[in-house]
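Residue numbers begin at 1 in each chain, while the letters A, B, ... track the order of the sequences.
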Protein chains: 2
Amino acid sequence: MDHPHSHGHPGMPELAERLRRSSRKLTGPRHHVLEVLRSEGHPISARALFEALPPGKCDLATVYRSLQLLEEMGMIKRYDLGDGVKRFELLEEGDDGHHHHLVCTRCAGVVEIEDCFMPGLEETIAAHSGFSNITHRLEFTGICPACQSQSQ
Amino acid sequence: MDHPHSHGHPGMPELAERLRRSSRKLTGPRHHVLEVLRSEGHPISARALFEALPPGKCDLATVYRSLQLLEEMGMIKRYDLGDGVKRFELLEEGDDGHHHHLVCTRCAGVVEIEDCFMPGLEETIAAHSGFSNITHRLEFTGICPACQSQSQ
DNA sequence: GTCCCTGCAAATGGTTTGCAGGCGG
DNA sequence: CCGCCTGCAAACCATTTGCAGGGAC
């Protein structure tokens with residue numbers, strides 16, 4: 001259950017290709033941002049990404065702009081894990097990123113959960129409410145094993 | 001499915017009593033904040049609450065402080081609906097507020113969904129992940145009937 | 001009278017934007 | 001070259017906090 005997506009994070013050439021296809025440039029700063037996203041594999045905040053960057057390689061504002069662009073292009077997905085901070089995760093091509101997370105309330109560690117547990121539920125809700133285009137966000141929180149043992 | 005909680009929003013005397021029980025004061029500003037929460041019945045943001053207040057009756061900062069206090073006391077529940085804004089909803093006594101929402105992505109209208117669809121799921125996840133104290137947040141988004149008809 | 005509470009204003013933290021210069025294609 | 005990108009700084013927005021005066025009990 002740990003890293004259901006770690007089997008195929010896109011390589012840098014593929015990422016560059018996807019950018020080029022949208023006629024966007026693969027610049028130095030973007031390269032570094034993608035590099036961190038690629039090595040991270042879990043949702044990461046703009047600030048955390050910035051701090052993981054080689055110093056001086058990319059401005060914080062540019063990190064935000066890159067994340068915005070990559071999200072629009074569908075290369076990364078944004079998650080709201082409930083603490084008011086946006087986190088982003090690299091997607092494989094064709095992946096819509098629909099999975100859920102289990103977040104530790106002490107260390108903010110994130111574990112992915114691969115199954116989506118509500119087959120047909122959105123249709124049911126649509127039928128009852130009259131809403132259309134229904135999607136959902138589901139996040140779990142708890143205390144991870146490491147934090148459990150560290151302190152009580 | 002519309003307002004599963006509208007059957008019993010607490011009256012002001014009961015709210016005052018709950019405050020007094022915690023030896024907190026029922027001041028003018030708090031009275032007005034509670035009044036808006038009571039009449040609203042749906043999750044409302046601090047700013048929206050402030051604007052619904054009679055002008056000059058309560059400072060914005062005090063709205064935030066009141067919401068913080070009421071949340072600590074368990075009188076209201078905070079929801080993160082995904083847009084980075086916290087919203088608060090009045091709870092009845094004994095209600096833990098565990099239900100989910102269906103939010104319109106165009107008008108931000110909110111409908112409550114009373115059922116929680118994951119019986120036993122948290123236990124399963126705990127067993128698989130080793131996490132403890134697991135809870136979840138689940139929010140649905142879509143386009144409400146009114147917005148569907150207004151524009152395409 | 002004693003604290004709790006309040007308004008005001010300033011600080012904070014995450015994120016966005018204006019601008020002029022710079023670099024990728 | 002042209003237009004997309006970038007760094008820097010300032011702006012923004014939701015929320016929090018310091019402080020001194022004021023009100024509830």
Which nucleotide in the list [options] gets nearest to the side chain of [X]?
| X | options | value |
| --- | --- | --- |
| A:Pro29 | C:dG25, D:dT15, D:dG7 | D:dG7 |
| A:Val85 | C:dG14, C:dA9, D:dT15 | C:dG14 |
| A:Ala61 | D:dC8, D:dT17, C:dG25 | D:dC8 |

- Task: Report the residue (B:Arg20 or B:Leu60) whose heavy-atom-nearest nucleotide on DNA chain D is the more 5′ of the two.
- Result: B:Leu60
- Comparing A:Lys57 and B:Gly28 on DNA chain D - which has the more 5′ nearest nucleotide: A:Lys57
Under-4.0 Å side-chain N/O to phosphate OP1/OP2 contact, [X] with [N]:
| X | N | result |
| --- | --- | --- |
| B:Tyr64 | D:dT15 | yes |
| B:Thr27 | C:dC4 | no |
| A:Thr62 | D:dG7 | yes |
| A:Lys86 | C:dT16 | yes |
| A:Arg24 | D:dC4 | no |

Between [X] ([atom1]) and [N] ([atom2]), how many Å, whole number?
| X | N | atom1 | atom2 | value |
| --- | --- | --- | --- | --- |
| B:Arg47 | D:dT16 | CZ | P | 14 Å |
| B:Leu19 | C:dC4 | CG | C1' | 13 Å |
| A:Phe50 | C:dG13 | CZ | P | 16 Å |
| A:Leu53 | D:dT6 | CG | C1' | 13 Å |
| B:Lys25 | C:dC5 | NZ | P | 6 Å |
| A:Arg30 | C:dG22 | CZ | C1' | 14 Å |
| B:Asp59 | D:dT15 | CG | P | 15 Å |
| A:Arg78 | C:dG14 | CZ | C1' | 13 Å |

What distance separates [X] [atom1] from [Y] [atom2], expressed to the nearest 0.5 Å?
| X | Y | atom1 | atom2 | result |
| --- | --- | --- | --- | --- |
| A:Leu19 | A:Arg30 | CG | CZ | 6.5 Å |
| A:Arg65 | A:Leu60 | CZ | CG | 10.5 Å |
| B:Arg18 | B:Leu34 | CZ | CG | 9.0 Å |

Do the non-hydrogen side-chain atoms of [X] and [Y] ever get within less than 4.5 Å of each other?
| X | Y | value |
| --- | --- | --- |
| B:Leu15 | B:Leu90 | yes |
| B:Thr141 | A:Ile134 | no |
| B:Ile143 | A:Phe131 | no |
| B:Cys58 | B:Val33 | yes |

- Message: Between A:Glu89 and A:Lys77, does any side-chain N to carboxylate O distance fall below 4.0 Å?
- Response: no
- Item | Terminal helix-axis angle for the helix from C:dG1-D:dC25 to C:dG25-D:dC1, with five pairs defining each axis and rounding to 10 degrees | 30°
- Sequence-distant partners of B:His101, ring pair (Phe, Tyr, Trp, His ring centres under 6.0 Å), two or more places apart: B:Tyr79, B:His99
- Message: Under a plain distance cut-off of 3.5 Å, with no hydrogens placed, do B:Glu122 and B:His136 share a side-chain donor-acceptor pair?
- Response: yes
- What parts of residues 65-73 of chain A reach DNA chain C, counting only heavy atoms under 4.0 Å away? A:Arg65, A:Gln68
